[in-house]
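Here's the structure we're looking at; comments come further down.
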Amino acid sequence: MTSHFLYSEDTSLRNSFKKEFYPSTTLTSCPGNDGVVVISLLLLPLLPLSLLTFLFNLVLFDVGVLLRECTILTVLSLCPPPFINSLSLLHLSLSSPTLSLCLCVCVSSPSPECRDLIGSGRDRTPNALVQVAVIDPREQYLVSQACTEIVEGSRDPLFLTGVTFPPEYPASPETLVKLTVYDVRDKARDNVSKPQSVSFLGSATFSVSDLLRSKDDQLTLNLRSSDGVLAVGTVLVSRVNMGEMEEGDMDHITADVQQAQKCTLVCESSQGTPIDKDNSPLTVFKNPVCKVYKFQTVDSKWMLVREQMEECTLSFSIPRQLLHLYIQEDMRRIQELRDLGELSPHWDNLRKEVIGRYGQVIAAYQETLAELNKITGPSFKPSCSKAQRYLEFIPINLHTQRMRVTCPRQTDAFYDVITVGAPAAHFQGFKGGGLQRLLSRHEAEKKSTAYQCIYYSPEHTAKAQEVLHSVGHLQPLISGLADQLLQAAQQHSMAGLREALKTLAGKTEQFVHALKDELVKSALLALHTAQPGYSPPQNPGHSPGQEDGQAPLKRQDSIPCHKEYDEEEWDRVWADVAKSLNCVIAMVDKLQEQEPINNNQEQPIPKQVLADVITSHNPEGDWREQLCPLVVRLKECVAEVVVRARRAMTFVLLQEAACSIPQGLFLKQRRDVVFSQALAALACGFVMRLYAGMEDKGFLRQLHLVGLVAQFESLLSTYSEEIGMLEDMEVGISDLHRVAFKITQAKTDDPCDLQPVVIGRRDHYTVEVPLPRLAFQTLPHEIKEGKALQVYPVLFNVGINEQQTIADRFGDISLQERINQRNFEILDSYYKSLSDKVPSECLPCFQTQMDLKDLLGTLGQNVVTKKRKNVEILWLAGTICRRLNGIRFTSCKSAKDRTSMSVTLEQCALLRDEHQLNKDYFIRALDCMRREGCRIENVQKNIKCRKYAFNMLQLMAFPKIYRPPEGTYGKVDS
Ligand SMILES: O=P(O)(O)O[C@H]1[C@H](O)[C@@H](O)[C@H](O)[C@H](O)[C@@H]1OP(=O)(O)O
């Protein structure tokens, strides 16, 4: 088949169009139907008999559709070339760093001569489409910007789809805009490019400056025939500001032919500030794609709708930071293992092996990081790179999408969603399933195998890490506070002493509390037995002459009790910390008593009498001198405890790692990969949500009092490989509960200083989000003081494709059921704590009246109801999330096809439920968005082809409302 682009009678134009419009589109076949038949038939012999009938029916149906389409194609191609007629309408948006414009252009009713043409006996009405191109004044060539949807079979076509220019497009007053109107006989995108499928109807050109200078912000242009002589209509252009539409502003844009003589220019200016007018963090979001539509409301008014899709630099920056942190953490672990000191040969060998494995992981992560650092260009990972090794930490196809709605006399509304491929380890594959299955299998194996070590549950290892972290964090704090105390003593400041003592006592108490765990005691015993020269007590189970002179530790179901071990030693060391603190407290009390009364205004700390210590001091002496030995003693006791606790906990981790090698480390790596993708998406969503809510006091209050729900919608099927993806995703999303956010004040407003920063370690990360000084100042003081802001991740999954049909009928859907039920409980309990802590006025107002409690009740029923492809679960969860001020995510394997169907459906449902979209426009709006909107651009960005990768077989299995319009899907040319 030929691969022309849109046919034009003007050869030079045609050539430029060929080069510039959809340069990578190859047009080889009609969309996918032949592919469906072949694939389906090839599959037949491979499938179990039980599936044959099912597939056979679908294939037969497919063939039927295919035949019908072929017939239609033939009929259409016999039609005579059409002509321009009464009305076409399109929107166009222009923007540049200095100028941001959005145009709605009406291609008006034709001149009387054209009307004569229309009435000249042609029996076929055209399928009109308008292409918009820009002529660069310097380069003198045409660059395509976009085209409208095709309006079929109408002499008065009304276009709903807009066209846009990216902000970085160098639009200037000299920029020329060319509008070309075509009649299309076959609406499949491929066929639009075939000369025999389209006819040129007319064109008009204007410059941006003409429009800006025009009287009453209006411009009238003639639409000319191909020879440039015959005027076949007029074009009128006018301006309105998006976001400031008054009653009547859009009245002229109606379906009424006689009135539809104007077009609209929507101006928006970007000031170049870090937060733009849409509250979009310009530093993090990149490469916007904008689309504009106008849709009719139930009361025959018009609303302007703008979609904006952007990449997010966090796609790469969060994984890079995480990789650094993973490497640092593992290096620290190696150091701690070395610090264990001398071990028996058995344990020493195991330690060497574990260190070696850690070293391999570190080397692999360093290599990945080095590769990632070389990457420049787009800020997203396309779907086709999902299994690339060096990109495995990067989320797939992460984009933000914002729908902005302007209705007369209403404040603009914004609806945000983040779209991302399911966080999953594609490079490692899904042969054994995903994380959720692999982890539980691994735990079960660990428990049941007779390892030569104690079984430590994940909770134990988490506890060990926590203790390690606490001591590492608290020791320097205690030491610093002790120094502060001495300084206050030196300055003879009782208030300073009291203040420093209060904090010191608090931190020391925390320190002691962190170590008050059986695990530490038992680990000390285990470590004791692993030291060279340890001679085990003789017991009946012991056989002499063991290897290395060591008795192998028998696997035990629980932590051993420490019979032979001198546990009092640990208790003494531990208790010494408390004792020495008491001495310090008692001394400060004593010093206070010696002070004149007016110096003693604060409430004294309850007395802890340790007379022997106190009496040994000279009450008349220097404060610092008296306190110093006690403070030094406290520091020494703390240091002693730290050394022991650190070694004990490191030994727990060594045993755990030694038991798990190599599978445990593979799983750790897999979890790192999946978590990295999930965190990048979450951080992107959080930043977007924060910027959107900066002026919403209720939202900010909710943010610091309770935190935000982050709701992930997933459309994966519970069949074949996608089960593994969902199992990865479940763990990845759930791991996000270990993340908190903090808002900080940026050092400067420089974009580099506004990048979110990740700190922490695997069991807890904090993402710091810097804000420009002025924005930061407006925040509630709790947030400014650095309160940790929590997120509550929830995941709901409903498979919708043909694989889910198989799973529903013949497979197992328990994974999906379990996920939905469990996450419903999380969402429900979030709602409960929100209702307890935050007044309902803090939540946003929506037109849809249904009470949140009722919505949750309905969702609760749906997750336990056995119903196939129950997409209501997704709609309810999405609605609840928006009502809860939450962060919305939509996901499938690559966030390209199914996600696009879902996001566009959600947008149109919002227009219907919240903005009174006329019901006659619902499907048209949906089709427009799917055909010409941001999502088809997303497909183009990913696979360089403007087709959703669905075949008829798949679509037949989709719930109807998730099917894209004809001509937008099919076999994807590779
Ligand atoms: O964006 P997705 O829906 O995950 O894309 C799927 C598509 O649904 C399916 O029909 C097609 O066969 C491919 O598997 C797509 O996944 P890719 O990850 O290959 O884009």
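All values derive from a computational prediction rather than experimental measurement. Numbering of ligands and ligand atoms starts at 1, following listing order. Note that these values count all heavy atoms, side chains included, but never hydrogens, waters or copies made by symmetry.
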(message) Using a plain distance cutoff, I'd like to know if Ala949 has any nitrogen or oxygen under 3.5 Å from a nitrogen or oxygen of ligand 1.
(response) yes
(message) Using heavy-atom distances only, which candidate in Lys386, Lys893, Arg898 approaches atom 13 (C) of ligand 1 most closely?
(response) Lys893
(message) As an exercise, identify every atom of ligand 1 less than 4.0 angstrom from a heavy atom of Asp897.
(response) 1 (O), 2 (P), 3 (O), 5 (O), 6 (C), 7 (C), 8 (O), 15 (C)
(message) In terms of relative ring orientation, are Phe950 and Phe958 parallel, tilted or perpendicular, with 30° and 60° separating the classes?
(response) perpendicular
(request) Give the intermediate values and the outcome of ring pair (Phe, Tyr, Trp, His ring centres under 6.0 Å) for residues Tyr969 and Tyr948. (result) CA-CA 4 Å; Tyr969 58 87; Tyr948 300 110; 8.4 Å; no
(message) For the residue pair Gln401 / Gln907, report whether a side-chain donor-acceptor contact shorter than 3.5 Å exists.
(response) yes
(request) Between Ala895 and ligand 1, find which residue part has any heavy-atom pair under 4.0 Å and reply side chain, backbone, both or neither. (result) backbone
(request) Output the list of atoms in ligand 1 that are nearer than 4.0 Å to some heavy atom of Lys896, sorted by atom number. (result) 1 (O), 20 (O)
(message) Name the residue from Arg882, Arg402, Gln308 that meets the side chain to side chain donor-acceptor pair (under 3.5 Å) definition with Asp416.
(response) Arg402
(request) Pull out every atom of ligand 1 sitting under 4.0 Å from any heavy atom of Gln954, numbered as shown with elements. (result) 9 (C), 10 (O), 12 (O)
(request) Measure centre to centre between the rings of Phe295 and Tyr921, then say whether the value is under 6.0 Å. (result) no
